[in-house]
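On a predicted model such as this, the values are computed, not experimentally measured, just so you know.
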Amino acid sequence: MESDKLIAPPTRTWPCVSLIGMAGCGKSTVAASLARDLDWAMIDSDNLIEALYGTRLQDVADAFGKEKFLDVECGMICSIRAARAVIATGGSVVYKKAAIGHLQSLGPVVWLDVPFELIEERIARNPERGLAIAPGQTLADLHNERAELYRNAATLTCPAAGLSPSQISAWIRERLPEDFLGA
């Protein structure tokens with residue numbers, strides 16, 4: 001595209017591919033791989049929240065509590081205006097219909113479905129990761145609560161256990177319409 005023709009962002013806000021799933025399922029890592037493979041931009045909504053508040057995601061979640069944090073996350077997601085981007089979302093994005101609706105309007109939503117045992121192991125290795133969880137709620141409760149929400153929100157469900165980020169990226173690319181990638 002010639003630089004003199006690019007005077008404003010495109011009015012068409014798609015295509016994008018959004019990744020959803022539990023904390024620890026690999027959304028950010030897979031998004032980076034997929035964006036590189038497609039030669040698209042990569043957006044990590046958790047990083048955008050951290051940049052907005054100038055602190056770690058867990059600090060934001062702790063300061064606001066679960067419900068207010070979900071509102072903040074929804075606002076951030078709904079503010080994304082992008083084309084040719086892979087969006088890694090926070091695991092709690094599925095709680096707000098407006099957020100999921102916006103992601104679906106941008107293009108396919110892919111659930112990285114990873115078994116609970118692997119999620120638990122990965123979160124244990126990185127206990128500082130941001131997690132929107134209610135007081136007294138266990139990680140297993142959270143996983144079970146979200147599974148149906150992910151299933152309902154997803155355009156594609158990738159059985160990601162045992163696959164490398166590049167294998168997951170290839171799995172997603174193989175399932176995207178050819179004309180979508182040329183848009």
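The only member of Asp37, Ile43, Leu34, Val110 that meets side-chain contact (heavy atoms from CB on, under 4.5 Å) when paired with Val86 is Leu34.
Heavy atoms from other residues, nucleotides or ligands lying under 6.0 Å from CG of Asn152 number more than 12.
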Show the numbers, then the answer: is there a salt bridge (charged side-chain N to carboxylate O under 4.0 Å, His left out) between Lys96 and Asp71? CA-CA 8 Å; Lys96 295 291 184 174; Asp71 291 339; 2.8 Å; yes
I would like to know whether Glu73 and Met76 meet side-chain contact (heavy atoms from CB on, under 4.5 Å); could you show each step before the answer? CA-CA 5 Å; Glu73 180 180 48; Met76 182 60 70; 5.7 Å; no
Residue pair Met22, Tyr150: steps toward the side-chain contact (heavy atoms from CB on, under 4.5 Å) verdict: CA-CA 9 Å; Met22 279 294 293; Tyr150 293 136; 3.9 Å; yes
Going through the distances and angles, do Phe69 and Leu57 end up as a side-chain contact (heavy atoms from CB on, under 4.5 Å)? CA-CA 10 Å; Phe69 176 80; Leu57 189 68; 3.7 Å; yes
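Cluster annotation: Leu38 is not connected to Met42 through the hydrophobic network of ILVMFWY side chains, with a link wherever side-chain heavy atoms come within less than 4.5 Å.
Residues Asp113 and Pro159 have side chains not in contact (no heavy-atom distance under 4.5 Å, counting atoms from C-beta outward). Between Ser33 and Ile168 the shortest side-chain heavy-atom distance does not fall below 4.5 Å. You'll find the side chain of Asp59 stays beyond 4.5 Å of the side chain of Tyr53, heavy atoms only.
There is a side-chain donor-acceptor pair under 3.5 Å between Ser28 and Asp44.
When all heavy atoms are compared, the tightest approach of Ile87 to Cys16 is CD1-CB, 4.2 Å. Nearest heavy atom pair, residue Lys66 against residue Tyr95, reads NZ-OH, 3.7 Å.
Looking at Ser105, its side chain does come within 3.5 Å of a backbone N or O of His102 through a donor-acceptor pair.
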